[in-house]
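Below you'll find the structure, written out as structure tokens, and then a few comments.
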Amino acid sequence: KGSVYQYDYQTIATLKSLSDEHNVGILIVHHASKDERTNVFKRVSGTQGLTGAADTVMVLERDYYMDEEAIFSIIGREVEPAELALQHDPDTGKWTLLGDASFHMVRDERKEVFGYLEQYPYSKQKEVAAGLGKNHNSTKGLLRRMLFDGQLVSDGKGGYAVAPRE
């Protein structure tokens with residue numbers, strides 16, 4: 001009798017062997033953890049044995065108290081990791097790809113900055129603050145955080161622009 005991790009790992013490994021033997025993909029639908037975790041593997045409820053044997057892990061997360069947007073995370077051995085923003089249409093059941101989640105699933109204050117800098121690229125901190133009608137010090141801190149997060153680029157002369165999207 002082994003641990004729960006070993007049981008979970010062996011269960012998924014058995015399905016993976018079946019998948020490899022017949023050259024087909026198997027999609028397993030499972031619950032996500034209610035904890036807010038940054039690691040995709042840790043957002044899957046249960047032990048890491050469930051994700052350890054899988055070639056690819058995909059997680060669809062939606063905040064049911066907000067709008068119809070969701071984040072689709074994918075990570076695996078033979079895929080490029082990605083976090084994508086999706087929009088759900090409850091009338092049709094259709095999901096639409098919006099793009100990179102880091103640009104679409106952002107707080108309103110960052111959306112305002114994106115909108116301003118798309119219109120006025122390489123604006124300086126004071127210009128952004130004035131253009132948005134915001135406090136200069138708050139805007140300066142927000143611009144620096146967005147630069148650190150890779151959402152903005154700097155021209156080295158105090159100007160900011162929206163980072164190129166991959």
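Quick note: numbers below take in every heavy atom, side chains included, and nothing from hydrogens, waters or symmetry partners. All of these numbers come straight from a predicted model, not from anything done at the bench.
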Handout entry: Pairs meeting criterion salt bridge (Lys or Arg N to Asp or Glu O under 4.0 Å) with involvement of residues 132-144, two or more places apart
Key = E112-K134
Practice task
Could you list the residues that satisfy side chain to side chain donor-acceptor pair (under 3.5 Å) with E80, not counting sequence neighbours?
Solution key: none
Problem - Linked hydrophobic residues, F148 as query - side chain contacts closer than 4.5 Å - result: none
Problem - Pairing residues for A130 by the side-chain contact (heavy atoms from CB on, under 4.5 Å) criterion, not counting sequence neighbours - result: none
Handout entry: Listed partners of Q125 passing side chain to side chain donor-acceptor pair (under 3.5 Å), at least two apart
Key = Y160
Going by atom type alone, with no hydrogens or angles, which donor-acceptor pairs under 3.5 Å involve a side-chain atom of residues 114-122 and a protein atom two or more places apart or on another chain?
| from | atom 1 | to | atom 2 | distance (Å) |
| --- | --- | --- | --- | --- |
| Y116 | OH | E127 | O | 3.2 |
| E118 | OE2 | R165 | NH2 | 3.1 |

Handout entry: Residues that D91 engages under side-chain contact (heavy atoms from CB on, under 4.5 Å), provided they are two or more places apart
Key = D89
Fill in the blank from the handout: Sorted by chain and number, sequence neighbours left out, salt bridge (Lys or Arg N to Asp or Glu O under 4.0 Å) with E21 holds for none
Practice task
Mind checking side-chain contact (heavy atoms from CB on, under 4.5 Å) for N23 and listing every partner two or more places apart, or none if nothing turns up?
Solution key: none
Practice task
State which residues pass side-chain contact (heavy atoms from CB on, under 4.5 Å) with H30; sequence neighbours excluded, sorted by chain then number.
Solution key: V44, S45, L50
Problem - Which residues share a salt bridge (Lys or Arg N to Asp or Glu O under 4.0 Å) with K16, sequence neighbours left out - result: D20, D55
Handout entry: With T96 via side chain to side chain donor-acceptor pair (under 3.5 Å) - residues at least two apart
Key = none
